[in-house]
Amino acid sequence: MTAMFDDFLFGGDYNPEQWPQESWEHDLELLGRSHVNEATINVFSWALLEPSEGHYDFSMLDTIVAALDSRDMRIVMATGTAAIPAWMARRYPHVMRIGADGTRQVFGGRHNFCPSSPKYRERARVLASAVARRYTGDSGIVAWHVNNEYGNGGGYCYCETCAAAFRDWLRARYGTVEALNRAWCMNFWSHTIHDFDEVVPPVTYGDGIGTDKCVISGLQIDYRRFQNEQMLDCFRLERDAIREFGMSTPITTNLMGTFKDLDYFAWGREMDVVSWDNYPGMDTQPSFTAMCHDLMRGVGGGKPFMLMEQTPNQQNWFPYCKVKHPGEVGKLSWQAVAHGADTVQFFQLKQSIGGCERFHGAVIGHDDSDRSRTYRDVAALGADVAARAKRIMGSHIDAKVAVVFDWENYWSIEGCVGPTQGLRYPDEVHRFYRALWKRNVAIDVIESTADLEMLRRYDLVVAPVLIMVKPGVADNLERYVEGGGVLVTGYMSGIHDEHDLVIEGGYPVPLRGLCGVWVEEIDAVAPGATVPVRLDASGAAVDCSEAIVASIIEPEGARTLATYGGDDFYAGTPAVTAHDVGDGCAVFVGTALDEDGIDALFDDVLRATGVATFDAPDDVEVASRIGDDGTVYTVVMNTGDDTRVWERTGGERIVLDPFAVLLYENDVLVAAPTR
Ligand code: GLA
Ligand code: ZN
C-alpha cells in the first residue's frame, strides 16, 4: 500500500488566532525543535472568516498559512464549520439544534447546528468552498479536515425541520403507513398512525425514555439511522465542495472511536482516510484503546488511519484529569502506530489562556517554554517518530481473527427496556476482544454485514451480543462455519430483526440451528451478584462477578463447554456450548464470563482454531504491522505503570520500565525509544 503522506505527520491542532502574531515565531521555533512538522488549523474560525453573511476575511488565515509555509510545516486545513457564528444564530435561529428535551440552542458552545437546516447546509458549503478555493494549491496542505467531531456533545437534532425530513425519509423507506405500523409494532399503546405526518421524533416529552431508549424502539433506531444520514450528508456536501477544486489531497473528518450516535462504517466509506481522536480516561484499559484503533482501521476498510488528536498530557473535561506519567504519551502514540496509525497528532500544540480548554494539555504549556516535562516528552517522542515511523507508513495488519462491532446492534442492545440495564455494547465487545488482545492476536474489527468473502479471510469470527440479525447475516455466518470457520457469539444474540422487532420462534432464532441451542429464558443478574460457572474442559471454576445476564439454554445438538453452578434452578445446565457444523463450529457463550472465565474459554478456542498467539507478561502488548516488502515491524509495549520482565525464548531477559516501548524489525531490536 502506498503511504498517504510523503512524511509521517507529527503535530496537531494549532490555534494561533488566540495569541498576538508577534508570539507565533516563538511558538513555531519551539514546535520545530520538538520535531513537530504539521499543524491542523482553522477548526473553529467561522466567526473570523465570515464576520457577516457572505463577507469573507481571510487576512488572519492567510498570515497563519504563510507563517507555517515559511517553516515548511505541513498543514491539515479544516473548513471551520463546527461552531455557528453569533450573527448566524441571531439571524437564523433555525440553524440551531433542538435537543431531545425540546430546547433550542442559542449562540454559544459548538457542534450546535441542525444537520437538516437548509441555511446551515448552504452556509457551510459556501464556507468550505471559499476556504478550498483560496488555499487549494498551497503546497503545505496535506489533508482537508471537514467540520469537527460530528455529533460530539450536541446529540441529535429534534427540530421541526428534522421532523419533516424524517417523515419524508420514512415515506421513501416504507411507502405506506401500514408498512410503518407493522415495522414499528404501532398497535402497542395505541400508537397506530394513519398519516406519515403524525410521526413525531423520539423526544423525551413524547416516546423517548431519556435519549437512549424509547417506547417504540423501531422509531428510535430509525431516527438514529436518519440523523446519521443527515450528518453524513453535511460531511458529503463539504467534501464535494472542496473536491470541486480538482485536487486529490485526502479529505477526512475526525471520528471518536466507539462514539454511539453515528454509524462510522457508513462514514468510513465516504472518507479518503479515517482519522480519529483518542482520549482514554483514567480507567480506560489499554485493551479498550487497542480495540478503538482496530475499529477505526476497520471503518477505513483496513487502511492506515490518522491519529488526529490525543492530549500530550491531561484532558480538561473529565471530572478529575490525571497528568500522564513519563513515557505514557509515547506508549499511547506507538500503540496507535502499531494498530495502523500513520500520523501522531495532538490536541493541541499551544495551551489556551482562556476558554474552557485552558487546562487541557498542550505541547507548549502556560510556561511558554521548552522546559516543561510535557514539552520534553513530546520532543523525545518526536525524535523517535522522526527516526522510526516513516518506514512503517503504509504497512498493514494481517489478522486471522475478526471481532464484529455494529452500530445498529449498539443502538438495539442499549435501547432495550429489559431484561437488564447492565449491558453497554462497547464494553461487551471489549470483554471478548480483551481475551484475544491478551494473547497478542492481531484482530480486525468488522461490521455484522460483512460478506462471506470477507468472513472467509478469518479463522475465527467473534460476534458478541449480536442482538439484531440483519438480512443475509445469519446465512453468511452459517456458510462461513460450514466452510470451516469458528464463530463465537452468545448472550442477547439473535433476538431482533432489522426493525428491532423480536423474531418469533425461540432465541436465537436466526442463529438457532447454527448454534444448536434454544435460549428459553434470559435471567438478569443484579450488580454484585455472582453466577458460578464451571468450564468443563479444564475444570476451572469461575465465579462470574459480572454475569449481567444468564441465558437458560436447552441444547439442540450443541455440546456443553461450561455449566452453571450454584443453587439457582438452572444450576447444572449449560452456560457455554459448542456446535459442530460442517467443517466448523459455533460457540455460544450464555453469560458475560468474567476475565478469568473468558480467558480460559479463549485459550481453548484459539487452540482449536490454530490462530497464532504470542505470550508476553501481563500488561505487555505485542503488535505488528507488515510492510509491502514483507518486513515485520513489531512494537512491544509495557502498557502499565509496573516494571515488567520479559523472558524471551533463547534466554534473553528484557526489563520493561513502565510504559516502555521497544521496536523490532524482523525480530531485530531497532530501538528502545527514549522515555
Ligand atoms: C475534541 C475536539 C477538540 C478539543 C478536544 C479536547 O477532540 O475535537 O477541539 O476540544 O476534544 O480534548
Ligand atoms: Zn434539526
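First listed ligand is number 1; within each ligand, the first listed atom is number 1. Excluded from the calculations below are hydrogen atoms, water molecules and symmetry mates; all remaining heavy atoms, backbone and side chain alike, are included.
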Is it true that [X] and [Y] have ring centroids separated by less than 6.0 Å?
X: Trp87; Y: Phe107; answer: no
X: Tyr120; Y: Tyr92; answer: no
X: His360; Y: Phe347; answer: yes

Which residues satisfy the ring-ring contact (aromatic ring centres under 6.0 Å, His included) test with Tyr425, sequence neighbours excluded? Phe405, Tyr410

Restricting to ring-ring contact (aromatic ring centres under 6.0 Å, His included), what partner residues turn up for His499, sequence neighbours left out? Tyr174

Angle in degrees, rounded to 10°, that SG of Cys114 and SG of Cys162 form at the Zn ion (ligand 2): 100°

Give a rough value, rounded to 10 degrees, for the angle at the Zn ion (ligand 2) between atoms SG of Cys157 and SG of Cys159. 110°

Partner residues of Glu270 under the salt bridge (charged side-chain N to carboxylate O under 4.0 Å, His left out) criterion, sequence neighbours left out: Arg236, Arg239

If you compare all heavy atoms of Phe10 against all heavy atoms of Ser34, which two are closest, and at what distance to 0.1 Å?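 What the structure gives for the nearest pair is CE2-O, 3.4 Å.
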
Distance under 4.0 Å, heavy atoms only, partner ligand 1: which residues pass? Phe44, Arg110, Asn148, Glu149, Asn254, Asp277, Tyr279, Glu309, Trp317, Phe347, Glu357, His360

